[in-house]
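Working notes for the structure below.
Note that these values count all heavy atoms, side chains included, but never hydrogens, waters or copies made by symmetry. Computed from a prediction, not measured in an experiment: that's the story for all the values here. The sequence lines fix the lettering, A, B, ..., with proteins before strands; numbering per chain opens at 1.
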Amino acid sequence: MPTPTRAAVTAPTSSHEETMSAQDDAQLQDASEAGEAPQVENPLSVGLTFAVNEVPAQEARGQRLHRLRHSTAHIMAEAVVQLFPDAKVATGPAIEHGFYYDFDLPRSLTPDDLVEIERRMRKIIKRGWRFETVTVPWAEARQRFLAAGQDYKLEVLDRIAETQGEAAAVVSLYRQGHFVDLCAGPHIGSTRIAKHFKLLRTSGAYWRGDATRPMLQRVYGTAWETEAELEGYLHWLEEAKKRNHKKIGQELDFFTFHAWAPGAVFWSPRGYTVYQEFLTYWRQSHKRRGYKEIFNPVLYKKDLYEKSGHYTHYKDDMFILQADDTEYCLKPMNCPDTFLHFISRRRSFRELPLRLSEGGILHRNELTGALNGLFRVRQFTQDDAHIFVAEEQVQDEIAEILDIVRDVYALFELKYDFTLSTRPEKFMGDPAVWTEAEAGLRAALDRCVGVGSYRVADGDGAFYGPKIDIQVTDCLGRKWQCATIQLDFQQPINFDMKYTASDNSQKRPIVIHRAVFGSFERFFGILLEHTAGALPTWLSPVQAVVVPISDKVLDYASEVLRVLEARGIRAEVDNRNEKMNYKIRQAEVMKVPYMLVVGAREAETGVANVRTWQQGARGELPLAAIADEIAQVIADRRFDVVVEPLMDFADADSDAAAGDESDEY
RNA sequence: GCUGGCGUAGCUCAACUGGCAGAGCAGCUGAUUUGUAAUCAGCAGGUUGCGGGUUCAAGUCCCUCCGCCAGCACCA
């Protein structure tokens with residue numbers, strides 16, 4: 001342990017502590033009471049004169065949180081180095097809701113280690129070490145980290161030299177306590193500010209995010225300006241855990257998995273009912289908009305995928321099997337076979353835009369570690385469609401698709417935003433064609449969404465074309481990739497697609513690939529987490545349950561059931577030999593939207609006592625009125641559940657976290 | 001695929017450092033005939049993920065494989 005030149009200092013008064021923020025921090029740095037650097041120096045900083053780290057008095061919350069979290073990462077690194085003097089430190093940025101730091105350690109960390117690291121962090125924080133900084137020539141920094149055996153920092157230094165050129169002549173070091181790090185900042189003034197934190201988990205993480213590089217140990221933590229915020233965030237984590245769709249899926253008997261079909265869903269009757277409701281809605285809404293549905297094979301000779309490029313660009317993700325000395329592929333996407341349909345006969349300009357949808361069963365050989373409930377499966381169905389258009393129809397057609405996106409997401413009251421993904425490293429075709437396609441999507445986005453109101457993700461496009469991705473945000477503030485719109489100039493060439501134009505010339509169509517739900521599986525998973533399993537009535541597997549108070553009224557209960565079923569309502573009678581309270585509890589637990597309690601009184605007057613999942617007991621209503629109401633809610637596909645936003649901690653840090661992490665080390 | 005953890009009844013979980021696998025819920029049978037979130041009693045339920053090893057003795061320790069979970073990487 002380092003010996004400080006001066007005893008560490010009295011903490012600020014306790015009443016002040018809870019609300020201490022970066023503003024206080026800025027004032028604190030001037031106070032002589034802040035802990036100074038220890039006498040026994042880290043070899044990295046021998047002979048250097050550090051200056052007090054300047055913290056602006058006023059700063060946006062996002063910036064302050066970023067500063068705090070990045071500093072907490074440094075404090076954690078100090079604690080880890082205390083425990084493992086031979087540790088090599090990698091990088092430790094602030095991220096959304098927290099921070100992490102990557103280490104190369106002699107052994108794996110255990111949960112007990114986390115407790116010990118946290119304990120040491122609290123000691124460091126209590127000491128109130130100042131964060132200090134110094135600028136040194138690049139070459140000197142390299143010497144120092146070389147001598148210290150900090151290989152990863154050497155790589156970071158090399159990267160700085162590569163990417164920043166002249167600007168890399170000098171680099172900055174930061175120090176707190178005994179820990180010295182190559183770092184661009186920013187940091188807080190004193191470790192004392194960083195008290196509202198918690199370490200969350202450890203995991204492996206590839207150095208530089210590169211699967212070919214060594215795997216380091218990453219420790220994740222969260223840090224906030226107040227204890228209340230920290231608790232709010234931890235509560236949010238608990239809520240997210242409770243809403244896990246795998247848990248809800250089991251509790252509500254929607255689906256199961258089996259080890260013998262990893263990554264494939266076994267739909268239970270209740271879950272499959274919901275699944276089919278999605279499909280029915282999808283079919284109805286698309287038929288209205290001029291889509292035609294096709295249904296193609298699932299197994300193809302590899303020739304198809306050689307033509308489409310999947311065999312070259314997507315082979316690792318495909319299930320390939322051998323039969324009759326021939327390679328067959330389970331289809332991973334609907335596009336190639338839809339193209340076979342398109343070229344199955346001559347096409348006229350009069351057919352365009354030709355909107356062909358297919359809810360085919362897709363198989364993708366996802367890596368075992370990627371599988372995750374309904375979110376990531378190996379067999380799934382996309383609400384897919386491919387639209388063949390003439391060049392001049394592209395803009396209008398994309399506008400039309402964006403309109404569908406709006407419709408569908410409005411149905412579930414989901415918020416969403418857009419990302420334009422451009423040409424990836426592994427791409428097919430002529431870069432000039434790509435540029436044209438990207439410009440087309442950009443123009444459509446500018447027109448329909450607004451200039452500058454969408455994100456651009458360079459290099460995230462599909463191998464055959466750029467795309468617009470739509471992310472939905474659930475009530476826990478998490479974002480999910482669902483809808484996608486891809487513009488494809490390449491496959492029409494691969495498949496030599498043509499149509500006869502009005503002047504009798506042969507023209508090449510452009511293909512738009514699009515999905516709105518994305519995959520039904522994933523969308524269902526998202527909806528389950530968003531609603532915690534309380535689905536809107538139109539999707540509920542059982543929309544109403546009749547609760548007879550005793551078996552003396554079973555006949556009347558059957559009569560009520562008939563009335564409901566006559567209106568197409570999915571209803572059941574709970575005729576088990578149980579008390580009413582038990583049946584109501586069961587219905588509540590299973591999140592049945594409507595419960596109709598019937599006893600002797602109701603039987604006499606031809607009514608039912610209505611209770612809904614959302615509103616509780618509502619009192620007696622005539623059967624016809626109840627049936628009318630339920631039937632109407634279903635027909636409207638009304639989103640008759642209340643989903644409160646659950647992010648009850650002030651989360652102003654997302655933007656800061658989305659910043660360039662590569663600048664932090 | 002990589003790192004770490006986990007795998008006991010349909011579900012949720014027990015079983016101290018190796019020493020007779022147990023409970024609640026669900027299920028079945030019976031009693032009870034109920035007024036807005038769990039009626040009572042009884043019964044039944046297991047080659048402890050698969051395979052191997054160590055040991056007098058393995059749910060427990062070791063190894064292979066499978067699956068799941070949290071991340072990483074990949075992605076709808």
Next on the checklist: Is A:Tyr206 close enough to B:rG71 that one of its side-chain N or O atoms is under 4.0 Å from OP1 or OP2 there?
Outcome noted: no
Item to check | Within residues 416-427 of chain A: residues closer than 4.0 Å to RNA chain B (heavy atoms) | outcome: none
Checklist entry - If you pin A:Ser550 and A:Cys482 to their nearest nucleotides in RNA chain B, which one's is more 5'? => result A:Ser550
Checklist entry - Taking a pair as Watson-Crick (N1 to N3 plus N6-O4 or O6-N4) or G-U wobble (N1-O2 and O6-N3), both under 3.5 Å, which stems of 3 or more consecutive pairs involve RNA chain B? => result B:1-7 with B:66-72, B:10-13 with B:22-25, B:27-31 with B:39-43, B:51-53 with B:61-63
Next on the checklist: Classify A:Lys552 by what it touches in the nucleic acid, base, sugar-phosphate, or nothing, heavy-atom distance under 4.0 Å.
Outcome noted: sugar-phosphate
Checklist entry - When you measure from the side chain of A:Gln250, which nucleotide among B:rU34, B:rA37, B:rC11 comes out closest? => result B:rC11
Next on the checklist: Show, in sequence, the C-alpha distance, side-chain angles and deciding distance for A:Tyr314 and A:Ser308, and conclude whether the side-chain hydrogen bond (donor to acceptor under 3.5 Å, both in side chains) test is met.
Outcome noted: CA-CA 10 Å; A:Tyr314 206 72; A:Ser308 70; over 6 Å; no
Item to check | Value in whole Å for how far the C1' atom of B:rU34 lies from CD1 of A:Ile549 | outcome: 8 Å
Next on the checklist: Is the distance between the ring centroids of A:Phe463 and A:Phe427 under 6.0 Å?
Outcome noted: no
Next on the checklist: So, under a plain 3.5 Å distance rule, would you say the side chain of A:Arg218 forms a donor-acceptor pair with the base of B:rA70?
Outcome noted: no
Checklist entry - Under 4.0 angstrom, heavy atoms only, what part of the nucleic acid is A:Leu216 near: base, sugar-phosphate, or nothing? => result nothing
Checklist entry - Below 3.5 Å, does any donor atom in the side chain of A:Asp551 face an acceptor in the base of B:rU34, or the other way round? => result no
Checklist entry - Across the strands shown, which category fits A:Ala462 at heavy-atom distances under 4.0 angstrom: base, sugar-phosphate, nothing? => result nothing
Next on the checklist: Side chain of A:Asn372 only, heavy atoms from C-beta on: which candidate in B:rA37, B:rC68, B:rA70 is closest?
Outcome noted: B:rA70
Checklist entry - Going by modelled atom types, is there a donor-acceptor pair between the base of B:rC74 and the side chain of A:Arg376 at under 3.5 Å? => result yes
Checklist entry - With rounding to whole Å, what would you report as the distance between B:rU33 and B:rA9 at their C1' atoms? => result 33 Å
Checklist entry - When you compare B:rG49 with B:rC16, how far apart are their P atoms, in angstrom units rounded to a whole number? => result 16 Å
Checklist entry - At under 4.0 Å between heavy atoms, what does A:Arg611 touch on the DNA or RNA strands: base, sugar-phosphate, or nothing? => result base
Item to check | Ring-face cation contact, A:Tyr220 with A:Arg201, 6.0 Å cut, 45° max | outcome: yes
Can you give me the N/O atom pairs linking the protein to nucleotides 24-26 of chain B at distances under 3.5 Å, or say none if there are none?
from, atom 1, to, atom 2, distance (Å)
B:rA26, OP1, A:Tyr582, OH, 3.1

Checklist outcome for this item: In whole angstroms, the gap separating P of B:rG5 from CG of A:Leu109 amounts to 11 Å
Checklist entry - Could one point to a donor on the side chain of A:Glu366 or the base of B:rA76 with an acceptor on the other under 3.5 Å away? => result yes
Next on the checklist: How many whole angstroms separate atom CH2 of A:Trp480 from atom C1' of B:rA76?
Outcome noted: 12 Å
Next on the checklist: Considering every strand and a 4.0 Å limit on heavy-atom distances, what is the contact class for A:Gly599: base, sugar-phosphate, or nothing?
Outcome noted: base
Item to check | Nucleotide B:rC68, atom P - distance to NE2 of A:His258 in whole Å | outcome: 11 Å
